[in-house]
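These notes concern the structure reproduced below.
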Amino acid sequence: MKHMSDCTVLHNQVKMPWLGLGVYKIPDGEEVRGAVRFALEHGYRSIDTAALYDNEAGVGQAVKESGLRREDLFITTKVWNTDQGYESTLAAFETSRKKLAMDTIDLYLIHWPVKGKYKETWKALEKLYKEGWVRAIGVSNFHVHHLEDLLVDCEIKPMVNQVEYHPLLSQQELRRFCQAQGIQLEAWSPLARGQILNNSTVQAIAAKHQKTPAQIVLRWDLQNGVVTIPKSSRAERIAENAGIFDFVLSADDMAALDGLNENKRVGQDPDNFNF
């Protein structure tokens, strides 16, 4: 993990960049287009959106305007909870694909484990994958028990599980389970919505490496084998978040960051979400 172009290899041999740009809550139109264009100009090759974010059209436009080859990019989107189910997921995917103006999507995720629906939703994702509409399929916000339930009778194992992950919520059991199953863990809200940045341990490690607290936390993600997708619409933050490939955290640094875990969430618990 020494360059922005470095990738993890999913269990179906598709390459996925270790670093991506998240666009949650970035309004569609010029704001998301500007953020994505800036990121792509500065070496990012992975963009993570979702139907819920209502900015897929802007993401697609920015990709088109970038002039980069589509095959050099990795675009993720997700099916929202109200669209889960077999036929409705297939329809939702087509809507997302048209908004993005792309022939294929690199990664399509189930956004949340909606009880009684996520297995049928997964069957739809398997169909999309087998027919070549998506290069990889996965889930988001799945606990171990959700994954175990899915693995009982799925035809294709999820390639990715995107979850809330940061030093205050290090999810060790889930990380070990995903590693054992060959499921790539991916971090959303890797900076705990900024709550981790004022932590004295993080700041001390940042001072030692002459890096920012955000860069320290994102590097911790990578060295734990976790893909990270920090969200920002600000050019200086997007550039800062990319500066994580020219240094290495020591074993002591990693242990100190691991020790910050409080099982503290900044988002909803996948067992008790209300949307």
Side-chain angles (χ1 to χ4, degrees), residues 1-8 16-26 35 38-39 42-48 76 140-141 143 160-179 184-270:
M1 305 173 193
K2 296 181 179 179
H3 306 282
M4 279 192 73
S5 58
D6 287 347
C7 295
T8 182
M16 179 181 188
W18 283 108
L19 175 69
L21 175 71
V23 297
Y24 176 55
K25 287 191 173 179
I26 303 180
F38 182 87
H42 288 77
Y44 285 75
R45 292 297 178 263
S46 175
I47 308 295
D48 180 274
T76 300
S140 185
N141 301 301
H143 284 322
V160 173
N161 185 19
Q162 183 186 120
V163 299
E164 181 181 344
Y165 180 88
H166 44 73
L168 300 177
L169 182 71
S170 59
Q171 306 234 50
Q172 295 297 330
E173 180 191 5
L174 179 62
R175 188 164 69 92
R176 286 192 296 267
F177 181 87
C178 287
Q179 284 178 332
Q184 176 62 54
L185 201 64
E186 180 179 19
W188 65 256
S189 201
L191 303 176
R193 296 178 183 164
Q195 293 183 26
I196 192 67
L197 302 182
N198 292 323
N199 180 276
S200 59
T201 298
V202 173
Q203 291 186 335
I205 296 172
K208 182 175 77 169
H209 289 277
Q210 297 185 307
K211 288 289 184 177
T212 67
Q215 290 168 333
I216 295 301
V217 174
L218 297 175
R219 183 69 199 185
W220 173 81
D221 286 353
L222 299 192
Q223 289 185 214
N224 274 323
V226 178
V227 169
T228 191
I229 48 167
K231 170 257 175 179
S232 185
S233 60
R234 294 168 55 188
E236 65 272 21
R237 291 288 187 225
I238 294 171
E240 174 190 328
N241 292 340
I244 57 175
F245 294 94
D246 58 353
F247 74 104
V248 177
L249 296 172
S250 70
D252 287 344
D253 294 334
M254 293 294 290
L257 293 166
D258 289 344
L260 299 178
N261 181 55
E262 301 175 5
N263 295 322
K264 179 181 179 180
R265 295 183 180 275
V266 298
Q268 296 275 338
D269 186 331

Identify the two heavy atoms, one from [X] and one from [Y], that lie closest to each other, and give their separation to 0.1 Å.
{"X": "Ile26", "Y": "Ser232", "answer": "CD1-O, 3.5 Å"}
{"X": "Pro213", "Y": "Ala206", "answer": "N-CB, 3.8 Å"}
{"X": "Ala256", "Y": "Ile205", "answer": "CB-CD1, 4.2 Å"}
{"X": "Met1", "Y": "Gly225", "answer": "CE-CA, 4.5 Å"}
{"X": "Met4", "Y": "Leu19", "answer": "CE-CD2, 3.9 Å"}

With distance as the sole test, does [X] use its side chain to make a donor-acceptor pair with the main-chain N or O of [Y] at under 3.5 Å?
{"X": "Asn241", "Y": "Ile238", "result": "no"}
{"X": "Gln184", "Y": "Thr8", "result": "no"}
{"X": "His3", "Y": "Ser5", "result": "no"}
{"X": "Ser233", "Y": "Ala35", "result": "no"}

**OP:** May I ask you to say whether Asp253 pairs ionically with Arg219, meaning some side-chain N is under 4.0 Å from a carboxylate O?
**Re:**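 Not counted as a salt bridge, because no side-chain N and carboxylate O are separated by less than 4.0 Å.
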
Original post:
Should Pro167 and Val217 count as side-chain neighbours, where that means a heavy-atom distance under 4.5 Å?
Top reply: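 Result yes, sub-4.5 Å side-chain heavy-atom pair found.
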
Once rounded to the nearest 0.5 Å, what's the spacing between atom [atom1] of [X] and atom [atom2] of [Y]?
{"X": "Leu21", "Y": "Asp48", "atom1": "CG", "atom2": "CG", "answer": "8.5 Å"}
{"X": "Met254", "Y": "Asn224", "atom1": "CE", "atom2": "CG", "answer": "4.0 Å"}
{"X": "Glu240", "Y": "Lys211", "atom1": "CD", "atom2": "NZ", "answer": "9.5 Å"}
{"X": "Ile244", "Y": "Lys2", "atom1": "CD1", "atom2": "NZ", "answer": "15.0 Å"}
{"X": "Thr76", "Y": "Ile47", "atom1": "OG1", "atom2": "CD1", "answer": "9.5 Å"}
{"X": "Leu218", "Y": "His166", "atom1": "CG", "atom2": "NE2", "answer": "12.5 Å"}

Original post:
Arg175 and side-chain hydrogen bond (donor to acceptor under 3.5 Å, both in side chains): which partner among Gln171, Glu173, Gln172?
Top reply: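 Going through Gln171, Glu173, Gln172 one by one, the side-chain hydrogen bond (donor to acceptor under 3.5 Å, both in side chains) with Arg175 is satisfied by Gln172 alone.
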
For a quick test of your reading: what N or O donor-acceptor pairs under 3.5 Å do the side chains of residues 188-198 make, sequence neighbours left out?
| unit_1 | atom_1 | unit_2 | atom_2 | d |
| --- | --- | --- | --- | --- |
| Trp188 | NE1 | Asn141 | OD1 | 2.7 |
| Ser189 | OG | Arg193 | N | 3.4 |
| Arg193 | NH1 | Val266 | O | 2.6 |
| Gln195 | OE1 | Lys264 | NZ | 3.1 |

Original post:
Pairs in or reaching into residues 200-222: which pass ring-ring contact (aromatic ring centres under 6.0 Å, His included), with residues at least two apart or in two chains?
Top reply: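 Counting only pairs at least two positions apart or across chains, the ring-ring contact (aromatic ring centres under 6.0 Å, His included) contacts touching residues 200-222 are Tyr165-Trp220, His209-Phe247.
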
Original post:
Are Val202 and Leu260 close enough, and set up right, to give a side chain to side chain contact (heavy atoms under 4.5 Å, CB included), and what steps lead you there?
Top reply: CA-CA 9 Å; Val202 173; Leu260 299 178; 3.8 Å; yes

Original post:
Step by step, would you call Ile216 with Leu257 a side chain to side chain contact (heavy atoms under 4.5 Å, CB included)?
Top reply: CA-CA 9 Å; Ile216 295 301; Leu257 293 166; 3.9 Å; yes

Original post:
Above 12 or not: heavy atoms from other molecules or residues under 6.0 Å from CD of Gln210?
Top reply: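 Atom CD in Gln210 is not packed in, count stays at 12 or less.
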
Subject >> Derivation of the side chain to side chain contact (heavy atoms under 4.5 Å, CB included) call for Asn161 and Leu174 >> reply: CA-CA 10 Å; Asn161 185 19; Leu174 179 62; 3.8 Å; yes

Original post:
Checking side chain to side chain contact (heavy atoms under 4.5 Å, CB included) for the pair Thr228/Val226: CA distance, chi angles, key distance, verdict?
Top reply: CA-CA 6 Å; Thr228 191; Val226 178; 5.8 Å; no

